[in-house]
Amino acid sequence: MWLTSKIKQVLMVMKPGVVTLNYPEQPAPAPKNFRGAPVWDHHKCIGCGGCSDHCPSRCILTRDVCQELRVMLYDGSRCTYCGRCADICPEDAITMSNSFQMACENKEDITTRLELFMMTCQRCGRCYEMENTNSIDRIDLKGFRYDNLEQRAMIRKTTENFSLEVLAETEHYERPSK
Amino acid sequence: MRKELEAKLKAELQDDVVCVEKSDERTIMVDVKREAVRKTSKMVTDINGRYLCSIGYDNIDRDGTIGLVHTYSVDDADRFICVRTSAPESDPTIESITPDLPSAGWSEREYMDLLGLKFPNHPKPKKLIVADDWPAGIYPMRKNVPHDLVPPGAEDVAYQLDEAPPGTKIVPIGPFHPSLHEPEHFAVYVDGETIKGCDYRGFMTHRGIEKLCQTQVSYNEVPFIAERICGICGSVHATAFSQAVESAGGIQIPRRAEFIRTLMLEVERIHSNLLWLGVAGHLIGFDTVFMQAWRVREQIMWLCERLTGNRKTYGMILIGGVRKDITPEIADDIRKVIDKVEEELMVIHRAIEKDTSIHKRTKGVGTITKEEAIAWGLVGPVARARGVDIDARRDHPYAAYDEVKFEVPVLTDCDVWSTLVIRVIETFEAIKIIRQCLDKMPGGEYFVELKDKIPPLRHAITAIEAPRGESIHYVITGEENRPERWRVRAPTYPNLQAVPLMLLNEQFGDFPIIMGSIDPCFSCTDRVAVIDLKSGKSSSMTKAELERLSRKTPERA
């Protein structure tokens, strides 16, 4: 019994042979609908902030610098590549690319920063609200947003009109510590 | 069932029963006053209720009470019974049910830590979840505690391990140990080579996912976070959460989405069972099985990459359906891969089924009887290897499991070997289910959009058969587009509680495989215990001492 099992095991190992790939010398491309690093198309982005609202890892931040200028920042170091942002985007400005070799020395290399000139829809995120018909996916932080880009922290506080006081408050945001 | 239960409870407990109602077609909610909890629990277990877990929730803002729900499953009648009670914040005392149901021990200890509930007759009221130096009086699951609170640490606090039985020595295993794949700490009491007992301290890499999801994100982000509860059965948790919310909100999802969910769960079962088979082989030093099982498994991982866009954490499931459709090309791809996997797994199965070296290491190891397995509420393959015939897929059919045919293997050898056999058989069953899913899958939509908000304060429970056992998710819907309370009970939770019993009177060398046989999945850590060999006493090192010790070596060199 013991011997026949061992013979079977030898055959089991011999048949497939070596299966490991010679990576990275021999590149292993990702399949077609792979969810790799998200890529922003700044021509299409309307700055509604929907992606930042629905990012499970909170790595897309929205900060209004003034009435007309909104900064969207994607921090790739925290991204889980779930592709939720690409799903939610009403303008299809986000696509999940095929790139997966994302290790780098500098965090900034995998950070995307968009500076958008805003027209009317910054007031309430209405463009997004109009597009999205699923009631549990509606935007929940409407109006002006003040996430802290330095600390990479999302701040759940918004205002109807641009407020310098709130901006000043959130600029000094610090992460909780002991 | 509801009427009989109500009549019985009313006759026995009179005014202590507040109400007995049906919240959906398989859940019965029983509201009782806190004095009657233990009696109600006994009555529910008398009608074949199998204890699942308890859920504590903070209701202080609404009526000044802390709620506690004990949940039971009546497997032969496809019912869940939830016994709901509450205690005022000023006197949060509820009678413990642990003396009757040992598997309730952890759930109750959890809410002592997280909500400040008190169970005066609990047999082992020790800390379970929070760190040893967590300040007293801060209960993290209460609403007034922010999710990102970081209290200052303390140096001189250590968990007191159970007293070692006389004549035994303590062998500390963990927090980091070659045979453990995640950090946790066991103090194993040995007499020579024979294990005489064991104490466990874990939960220290507790990530607070439940709190995070109750305070920060909205409904449809939770499935993605739920998926990351476990690196192996991610889809299970996402599906369980979505189903619980759908059940609470009365949402009907398209039939096609249910079939795709079933398909994903079964694909996950194949990969998980192969992974476990490899790990089990590795733990008994049989690395051929490890290499070959993982080689076969790799095809499933690549399949998932093509199917969902990622090897693991598929991100397929949302409330209301699934994110990606299964096109005819993908269906062909799946068929091809599972045919290959079936063939290759059969080769592995034939090569190891009669191997005496595996038999010697696994047969008669980790035995506990069927009665003990029922008493401790074991779930999954571990329970089925001990003759307990439970499977949530058959007993509480969800998704498309009511339409597919499959066998539930049950063995009565009560040891690690039968667990192994069951998991191999289940992999073949999973392949069968996938084929049926692909054949029977109806057309149409695979996602439904919600027109209305999900109504708040509805309770729902759902059970999903993960590869390693039954996962229970309990959701209370909230007002701010996110769950008010979300409780996850992973299958390791009840199985791990019975490990000391499985280890009893076994050889110390079998510890890794017995531990591994439940396919543990935990996040935990402890301090380093220093054992004084003469007295058998254990003490703990402080962080400063450890740092000093670790710095000494380089200085000497």
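Residue B:Glu449 qualifies as enclosed at atom CD: its count of foreign heavy atoms under 6.0 Å is above 12. Heavy atoms of other residues, nucleotides or ligands lying less than 6.0 angstrom from CD of B:Glu480 number 12 at most. Shown here is B:Arg350, whose CZ atom has no more than 12 heavy atoms of other residues, nucleotides or ligands within 6.0 Å.
Residues of residues 25-33 of chain A lying under 4.5 angstrom from chain B, judged on non-hydrogen atoms, are A:Pro31, A:Asn33 in numerical order. Near-neighbour residues of residues 144-153 of chain B relative to chain A, defined by a heavy atom under 4.5 Å from a heavy atom of that chain, comprise B:Asp148, B:Val150, B:Pro151, B:Pro152, B:Gly153. Contact annotation for residues 7-19 of chain A against chain B (heavy-atom separation below 4.5 Å, listed by residue number): A:Lys8, A:Gln9, A:Met12, A:Val13, A:Lys15, A:Pro16, A:Val19. Using a 4.5 Å cut-off between non-hydrogen atoms, the part of residues 339-346 of chain B that approaches chain A consists of B:Glu343.
Residue A:Asp87 touches chain B through its side chain alone, counting heavy-atom pairs closer than 4.5 Å. For A:Thr133, the parts lying near chain B are the backbone and the side chain together; criterion is any non-hydrogen pair under 4.5 Å. For a residue to count as touching a neighbouring chain, one of its non-hydrogen atoms must lie under 4.5 Å from one of that chain's; by this rule A:Arg58 touches chain B with the side chain only. In this structure, chain B has no heavy atom under 4.5 Å from any part of A:Ser57. Looking at B:Arg306, the atoms closer than 4.5 Å to chain A (heavy atoms on both sides) sit in the backbone and in the side chain alike. Interface remark: B:Leu318 contributes side-chain atoms only to the contact with chain A (heavy atom separation under 4.5 Å).
Between atom CD1 of residue A:Ile136 and atom CG of residue B:Asp452 there is a gap of 11.5 Å, rounded to the nearest 0.5 Å.
When every heavy atom of B:Phe224 is checked against every heavy atom of A:Pro56, the shortest pair comes out as CB-CG, 3.8 Å. Across all non-hydrogen atoms, the minimal contact from A:Asn134 to B:Leu450 is OD1-N, 2.9 Å. Minimum heavy-atom separation, A:Asp53 to B:Glu221: O-OE2, 3.3 Å. Counting all heavy atoms, side chain and backbone alike, B:Tyr314 lies closest to A:Arg35 at O-NH1, 2.6 Å.
When side chains are defined from C-beta on, B:Lys354 does not count as touching A:Thr4, because their heavy atoms never get closer than 4.5 Å.
Looking only at distances, a side-chain donor or acceptor of A:Arg156 sits under 3.5 Å from a matching main-chain atom of B:Gln216.
Ranking B:Glu298, B:Lys453, B:Glu305 against chain A, the residue ahead of the rest is B:Glu305, based on heavy-atom pairs under 4.5 Å. When each of B:Val448, B:Ile454, B:Thr308 is checked for heavy-atom pairs under 4.5 Å with chain A, B:Thr308 comes out on top.
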Intermediate values then yes/no, side chain to side chain contact (heavy atoms under 4.5 Å, CB included), A:Arg84 and B:Asn220: CA-CA 9 Å; A:Arg84 185 82 177 125; B:Asn220 257 345; 3.2 Å; yes
